[in-house]
Amino acid sequence: MFSFWREAKPTLHRAEIVSKLKAAAEAAEREQIVLLLENEPACNGGYADEVAGLVRAVDSVYMKVLWDPGNEVYGGRFAYPDGYREVKDVLDQVHLKDAVIREGGAPGCVPIGRGNVPISEQIRALEADGYQGLYTLETHYIPEGGTAKDGTAMTLEGLRAVLK
C-alpha cells in the first residue's frame, strides 16, 4: 500500500496520514493480515526515513515497510546504506529493481546491474541482518523495441549476475 499522493509539504499532513494508516492497521489486525507500506517518491511516505517514520508512528505489528531500494534511487537518494539503515528494523518485504536518473532528472528503470541500486550489497546486508522475507523482482524495465517479457528476462539475468 501507499501513503497517499505526495503533498507539497507532507509534514503538514502527517497527523492525518498517521491517523488514516492507524485505522488501516486496526482493520488489518481484525483480519490478521500485515499491511506493507512501500516507499514511493510520489507519495507522502516517499523515502526511507519518511515511510519508516510513518510505520513507527502507527506502532502496529500489522503494518510494516515494503522496502524498495529502486524507488529510493528514483527519488535521487542513496538506497544503501543510507535508506536501508532507516527501514531495516521495520521492513517485511523487499522489491528488487534497478534505476537511474537520466539527463534532465527523470528517473528510469534499467536491468539489474546497470543502474545505481547496489543490489548485491543490499541483499548481503539483509541476509547478514537475518532477513527471511520475500524478495519480489519488479519488472518495470521494457527495452526500446522490446517487450515487457524481454525486460523481465534481462532483469532476471542481471539479478543472477550480481548475485554470483
Side-chain angles (χ1 to χ4, degrees), residues 1-10 13 17 20-21 24 28 33-55 63-88 90-164:
M1 64 183 284
F2 299 98
S3 52
F4 313 102
W5 293 119
R6 193 165 187 90
E7 299 289 339
K9 296 182 179 180
H13 303 278
I17 293 165
K20 300 292 186 192
L21 293 175
I33 60 172
V34 176
L35 299 175
L36 300 177
L37 189 63
E38 184 172 351
N39 60 303
E40 162 56 58
C43 296
N44 294 301
Y47 303 101
D49 58 329
E50 295 171 341
V51 76
L54 290 171
V55 167
M63 183 172 289
K64 299 287 184 184
V65 168
L66 191 162
W67 173 229
D68 188 328
N71 283 350
E72 203 75 1
V73 170
Y74 273 175
R77 297 200 180 180
F78 294 104
Y80 180 82
D82 301 359
Y84 175 62
R85 187 179 310 116
E86 298 287 337
V87 299
K88 71 181 187 175
V90 290
L91 70 83
D92 191 70
Q93 196 174 112
V94 177
H95 281 179
L96 297 176
K97 66 176 176 270
D98 212 339
V100 295
I101 301 295
R102 302 185 192 287
E103 273 189 52
C109 272
V110 294
I112 287 178
R114 297 186 192 175
N116 297 325
V117 180
I119 299 285
S120 60
E121 293 90 341
Q122 176 67 88
I123 291 174
R124 278 197 297 273
L126 283 156
E127 299 293 318
D129 289 339
Y131 177 71
Q132 296 181 2
L134 295 175
Y135 294 96
T136 301
L137 185 67
E138 287 205 305
T139 58
H140 295 303
Y141 175 69
I142 300 174
E144 190 173 327
T147 67
K149 183 178 177 183
D150 297 333
T152 299
M154 293 170 73
T155 298
L156 180 57
E157 181 181 308
L159 176 61
R160 287 179 173 145
V162 300
L163 292 178
K164 283 187 179 181

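Just the heavy atoms: all of them, side chains too, but no hydrogens, waters or symmetry mates, feed the values below. When a residue number appears, it is its place in the shown sequence, counting from 1.
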Quick check: closest heavy atoms across [X] and [Y], and the distance to 0.1 Å?
| X | Y | answer |
| --- | --- | --- |
| Tyr74 | Pro107 | CD2-CB, 3.5 Å |
| Ala48 | Gly83 | CB-O, 3.3 Å |
| Ala24 | Met1 | CB-CE, 4.3 Å |
| Ala52 | Val87 | CB-CG1, 4.0 Å |
| Val100 | Val73 | N-CG1, 4.5 Å |
| Val34 | Lys64 | CG1-CG, 3.9 Å |

Indicate yes or no: at least one non-hydrogen side-chain atom of [X] is less than 4.5 angstrom from one of [Y].
| X | Y | value |
| --- | --- | --- |
| Glu50 | Arg6 | yes |
| Leu159 | Ile123 | yes |
| Lys97 | Asp68 | yes |
| Arg124 | Tyr80 | no |
| Glu38 | Asn71 | yes |
| Ser3 | Val51 | no |

Please lay out, stage by stage, how Met63 and Leu21 fare under the test side chain to side chain contact (heavy atoms under 4.5 Å, CB included).
CA-CA 9 Å; Met63 183 172 289; Leu21 293 175; 4.0 Å; yes
Which residues pass the ring-ring contact (aromatic ring centres under 6.0 Å, His included) test with Phe78, not counting sequence neighbours?
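Here no residue qualifies.
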Report the C-alpha separation of Phe4 and Lys20 in whole Å, then their side-chain angles, then the decisive distance to 0.1 Å, and conclude whether the side chain to side chain contact (heavy atoms under 4.5 Å, CB included) test is met.
CA-CA 10 Å; Phe4 313 102; Lys20 300 292 186 192; 3.7 Å; yes
At what distance, to the nearest 0.5 angstrom, does [atom1] of [X] lie from [atom2] of [Y]?
| X | Y | atom1 | atom2 | result |
| --- | --- | --- | --- | --- |
| Leu66 | Leu35 | CG | CG | 11.5 Å |
| Leu91 | Tyr84 | CG | OH | 6.0 Å |
| Ile17 | Glu7 | CD1 | CD | 6.5 Å |
| Thr152 | Ile142 | OG1 | CD1 | 8.0 Å |
| Met154 | Lys149 | CE | NZ | 14.5 Å |

Note: Glu86-Arg77 ion pair, threshold 4.0 Å (strictly below)
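No.
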Can you list, pair by pair, the side-chain donor-acceptor contacts under 3.5 Å of residues 130-137, counting residues two or more places apart and other chains?
residue : atom : partner : partner atom : Å
Tyr131  : OH   : Val94   : N            : 3.3
Tyr131  : OH   : Leu134  : N            : 3.0
Tyr131  : OH   : Leu134  : O            : 2.4
Tyr135  : OH   : Glu127  : OE2          : 2.6
Thr136  : OG1  : Gln93   : OE1          : 3.4

From CA spacing to verdict: side chain to side chain contact (heavy atoms under 4.5 Å, CB included), Thr139, Thr155
CA-CA 7 Å; Thr139 58; Thr155 298; 5.5 Å; no
Going by atom type alone, with no hydrogens or angles, which donor-acceptor pairs under 3.5 Å involve a side-chain atom of residues 109-122 and a protein atom two or more places apart or on another chain?
residue : atom : partner : partner atom : Å
Gln122  : OE1  : Trp67   : NE1          : 2.9

Please determine whether side chain to side chain contact (heavy atoms under 4.5 Å, CB included) holds for the pair Asp98 and Val162, giving the CA-CA distance in whole Å, both sets of side-chain angles, and the decisive distance to 0.1 Å.
CA-CA 11 Å; Asp98 212 339; Val162 300; over 6 Å; no
